[in-house]
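Here the structure is laid out as structure tokens; the discussion comes afterwards.
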Amino acid sequence: MTAVRSESAEGAPADVQTGTHAPASLRFPPGFVWGAATAAYQIEGAAAEDGRTPSIWDTFSHTPGRVRNGDTGDIAADHYHRFRDDVALMSELGLGAYRFSVSWSRVQPTGRGPAVQRGLDFYRALTDELLDHGITPVATLYHWDLPQDLEDVGGWTVRDTAERFAEYAALVAGAIGDRVPYWTTLNEPWCSAFLGYGSGVHAPGRTEPESALRAVHHLNLAHGRAIGVLRSALPAGAQTSITLNLHQIRPLTTSPGDLDAARRIDAVGNRVFLGPILGGDYPADLLADTAHLVDWESLVHDGDLAEISRPIDLLGINYYTPTLVSDGRALGDDIDLTRNDGHGASDHSPWPGSEHVAFHLAPGETTAMRWAVDATGLYDLLTRIQREHPSLPMMVTENGAAYDDYISPEGTVNDPERIDYLRGHLSAVHRAIADGADVRGYFLWSLMDNFEWAYGYSKRFGAVYVDFGTQRRIPKQSAHWYAAVARDNVLRAAAEEDAAS
């Protein structure tokens, strides 16, 4: 499918600016996919039921001091037991697609050997329930929950984990491949590698720069091998992808030091994946920046890059906020270089080879995560991929915001800040499409409030409010707003919405 020029609801080409509010109603291309996303460990619960064994996130969350308030995903949103009600709620909200992840340790508890059929049965039932409600299932094979047994023998730092992942991909594809049209290998491998093995703020909590870089390569290799497995196991029309949390990086100034800081972070934040996956090689400047940390020649074996660069059908892009950087050496000795990059507090940098780079909070409004609200970053990412890889379709597979939501005395959850955030970012997507980017869908993060990793239950990203004590679900004001956008395939101007209400 070629890119469709985006038009206003009235049919004229849209001249859209990416601010908080769209100046006119914006119609999206026919067939544009509207959905919401979740991740297994964040919502499923049932952590020790039906054969499931601990993942690295079970271990990490049960380790004192790792997760805020000592929260764990043991129960989470209890989606494992309530998935039918949750799918019915998705249907009521008019979602066209649902992006979920599969728990590796629920399907293959040790990361080896045959599948546990009770685990596969859950995903079979979830898929069937979605299809029965007219909702397209979108499966992600890996969203950070490596079986603990595999971590115990090295995790993503060893090549064998890539082999195990390919076998696991075959098990899941064999169970639901005939009914799931969209497949993602890995979600945000940058977080798996650099937050898990570099800064240690995510599971497994290791702080080893060399291990982080080794994990990057083995995650890339796992993706490529899984793509090969999926190609052989899935129907011809199935779409394969990987989802990357690409960083929209901006230098604080145009000084040579700040420009080099942006280059370094682009290399270790973006091109470490885009290079081998889409171009068949690691960027030379990345290799030079990190040569003192890892022996790339021994790490990358003959044939690896050919496997990693197997063609994909779509690129998933996750975006929340831009990244503003400078040369920390120019700021003196008092600047804290590791605690201001938006990924959690740590004494260890998640940016190997770029430890001297300083991160800054962009000016303006922020979310409850203290992330700057700036929709232009999403536009810039989408148009960058369009320029660099013009034949590659994209989907926005995560975008959303956390705010301090609460239930009003009337029993509603009003979140106008989230609506403003979504309006601005959907306007940015529309503008990118108008400028030639082949963007085929948008998935709101998240369908419901959940276990927000190291933040526990203290941050709420959901369109649906979850009272974790009772497991009651309450669609927020933003859920109803987003449902109207998805139903009409139109982002209406704020003034038009106000008049209608």
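Position 1 is the first residue of the sequence, and the numbers go up from there. On a predicted model such as this, the values are computed, not experimentally measured, just so you know.
- Legend: residues meeting salt bridge (Lys or Arg N to Asp or Glu O under 4.0 Å) with D449, ordered by chain and number and at least two apart, are R460, K476.
- For S55, the side chain to side chain donor-acceptor pair (under 3.5 Å) partners two or more places apart in sequence, or in a different chain, are D58.
- Scored by the side-chain contact (heavy atoms from CB on, under 4.5 Å) test, R384 finds D266, N270, R271, L274, R387, E388 as partners (sequence neighbours excluded).
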Enumerate, atom names and distances included, each donor-acceptor pair closer than 3.5 Å involving a side-chain atom of residues 192-203, sequence neighbours excluded.
unit_1 : atom_1 : unit_2 : atom_2 : d
Y197   : OH     : E151   : OE1    : 2.7
Y197   : OH     : W156   : N      : 3.1

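- By the ring pair (Phe, Tyr, Trp, His ring centres under 6.0 Å) test, W371 is found to be paired with Y320, residues two or more places apart in sequence or in another chain being considered.
- The closest side-chain donor-acceptor pair between Y457 and N69, if any, does not fall under 3.5 angstrom.
- Pairs passing the side chain to side chain donor-acceptor pair (under 3.5 Å) check and including a residue from residues 105-116, sequence neighbours excluded, read E44-R106, W104-Q108, R112-D160.
- Scored by the salt bridge (Lys or Arg N to Asp or Glu O under 4.0 Å) test, D121 finds R124 as partners (sequence neighbours excluded).
- By the salt bridge (Lys or Arg N to Asp or Glu O under 4.0 Å) test, R82 is found to be paired with D78, residues two or more places apart in sequence or in another chain being considered.
- With ring centers used as reference points, H425 lies under 6.0 Å from Y319.
- Every residue two or more places apart in sequence or in another chain that forms a side-chain contact (heavy atoms from CB on, under 4.5 Å) with N489 is listed here: F28, F32, W34.
- Residue pairs meeting the side chain to side chain donor-acceptor pair (under 3.5 Å) criterion with at least one partner in residues 233-242, sequence neighbours excluded, are T184-S241, R231-T240, T240-D313.
- Checked against salt bridge (Lys or Arg N to Asp or Glu O under 4.0 Å), R418 has the following partners two or more places apart in sequence or in another chain: D405, D415.
- F83 meets the ring pair (Phe, Tyr, Trp, His ring centres under 6.0 Å) test with F122; sequence neighbours excluded.
- The existence of a salt bridge linking E49 and R118 is excluded, since no basic side-chain nitrogen approaches an acidic carboxylate oxygen closer than 4.0 Å.
- Salt bridge annotation for R52-D50: absent, with no cationic side-chain nitrogen under 4.0 angstrom from a carboxylate oxygen.
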